[in-house]
Amino acid sequence: MLENTFCHFPGIGLKTEAKLWNAGVLTWDDLEKDAPAGGSWPVGPGRLATARSLLDACRTALDAGDARVFYRDLPPQEQWRIFPHFRHSAAYVDIETTGTGCGMDHITTIALYDGREVKTYVHGRNLEDFVDDIAAYDLLVTFNGKCFDVPFIEREFNCTLDQAHIDLRFVLKAAGIGGGLKKVEHQLGLSRGDLDGVDGYWAVLLWKEFEATRDETVLETLIAYNVEDVIALELLAATAFNLHLERTPFAHRRLDTPLPGLNPFAASTAVLDTIRRRYFY
DNA sequence: GAAGTGGTTTAACGAGCCCT
DNA sequence: AGGGCTCGTTAAACCACTTC
């Protein structure tokens, strides 16, 4: 999709890009050919020359796996186009915390999924390893991570996550699927089994319970919930990409919807019942 | 070459929304 | 419940191109 993208070039917005597509200029290679059928370019010679001068840099960035070039230059509502090109180096990330509001909050667990393997990080054990591990990826995929997860991580670890970042909250909203993560999953017909109805507030309660009891089953239930979130992100990213693709001339290049990854952690129904009884009845 | 047009960019602001 | 970020909107300025 990036090779069909022109709206990241200076002076070319979505309208001009659509005109190029309509004129049969569909790829970067087409941009270097003679004028399209009809004899004239839907963009002036100055902007055409600028775009042409940037083609090599774009090709190099694509080959080198540098997603940041496109992330920087694409309009925010078009950053979904990055996904298939850098999917092999994507990290689906979600954090759980002790809550929000009092300023003393900290991260309790982090889940990182790369489409193959799940990694988890726990406060007081291996949480700091996350900073080194995440640096290996070129693309972050989160839900509301631009507003919550990434600022929280950067504050807590005093670091900067400078990867390209697809925040599915905004991407899905622009595709007509709004709401929180659980609502989005529900709209797409996804189910979480035992963890249906469990939300971020439960993660706060589960951590509180774990700190009080040091019961590993409680911790595993929290991690299972955390991991379930990141596994779902891959499916949501592919779905969001396909929804946006349908609005372009390239709808035939849909991505296959990935099978849900295997969650190596299991939520305990006994633990969930305990939390339910204690806090919700 | 001047005027007009359409498109893009930029900045400021506020609202909305989702996270735990 | 609070925090915080992004996005959308709007308006103005700018740019490139077209038309005469």
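This is a predicted model, so every value here is computed, not measured. Quick note on labels: first sequence line is chain A, next is B, and so on, each numbered from 1.
Comparing atom distances between the A:D229 side chain and each of C:dG4, C:dC7, B:dT20 picks out B:dT20 as nearest. Ranking B:dT20, C:dC5, B:dC19 by closeness to the A:V204 side chain, first place goes to B:dT20. Proximity note for A:C147 (side chain, C-beta onward) versus B:dC19, B:dT20, C:dC5: the nearest is C:dC5. Among the nucleotides C:dC5, B:dT20, B:dC19, the one closest to any side-chain atom of A:P151 is C:dC5.
Atom CD of A:E228 is separated from atom P of B:dT20 by 14 Å (rounded to the nearest Å). Distance CG (A:L74) to C1' (B:dT8): 16 Å, rounded to an integer number of Å. Taking atom CZ on A:F9 and atom C1' on C:dC15, their separation rounds to 19 Å, with Å as the unit. If you take CD of A:E211 and P of B:dT20, they are 18 Å apart, rounded to a whole angstrom. Taking atom NE2 of A:H186 as the reference point, atom P of B:dC18 lies 15 Å away to the nearest angstrom. Rounded to an integer number of Å, the gap from CD of A:E154 to P of C:dG3 is 20 Å. In this structure, A:R155 places its CZ atom 11 Å from P of C:dG3, rounding to the nearest Å. Rounded to whole angstrom, the span from the CG atom of A:N226 across to the P atom of B:dC19 amounts to 13 Å.
At a cut-off of 3.5 angstrom, counting only N and O atoms as typed in the model, there is a donor on one side and an acceptor on the other between the side-chain of A:R169 and the base of B:dC17.
If A:D167 and A:N144 are placed on DNA chain C by their nearest nucleotide, the residue sitting closer to the 5' end is A:N144. Mapping A:D149 and A:F170 onto DNA chain B via the closest heavy atom, the residue that lands nearer the 5' end is A:F170.
Nucleic acid contact for A:D94: sugar-phosphate only, since backbone atoms but no base atoms lie under 4.0 Å from a heavy atom of the residue. Residue contacts for A:G179: at a heavy-atom cut-off of 4.0 Å it reaches the sugar-phosphate backbone alone, with no base atom in range.
The existence of a salt bridge linking A:R277 and A:E209 is excluded, since no basic side-chain nitrogen approaches an acidic carboxylate oxygen closer than 4.0 Å.
Take A:E234 and apply the side chain to side chain donor-acceptor pair (under 3.5 Å) test, not counting sequence neighbours, and it matches no residue. Partners of A:T269 according to the side chain to side chain donor-acceptor pair (under 3.5 Å) rule, which considers only residues two or more places apart in sequence or in another chain, do not exist here.
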Practice task
Could you check A:T217 against A:D215 for side-chain hydrogen bond (donor to acceptor under 3.5 Å, both in side chains), going step by step and ending with a plain yes or no?
Solution key: CA-CA 5 Å; A:T217 314; A:D215 180 346; 3.1 Å; yes
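For the pair A:E17 (side chain) and A:F6 (backbone), a donor-acceptor distance under 3.5 Å is present.
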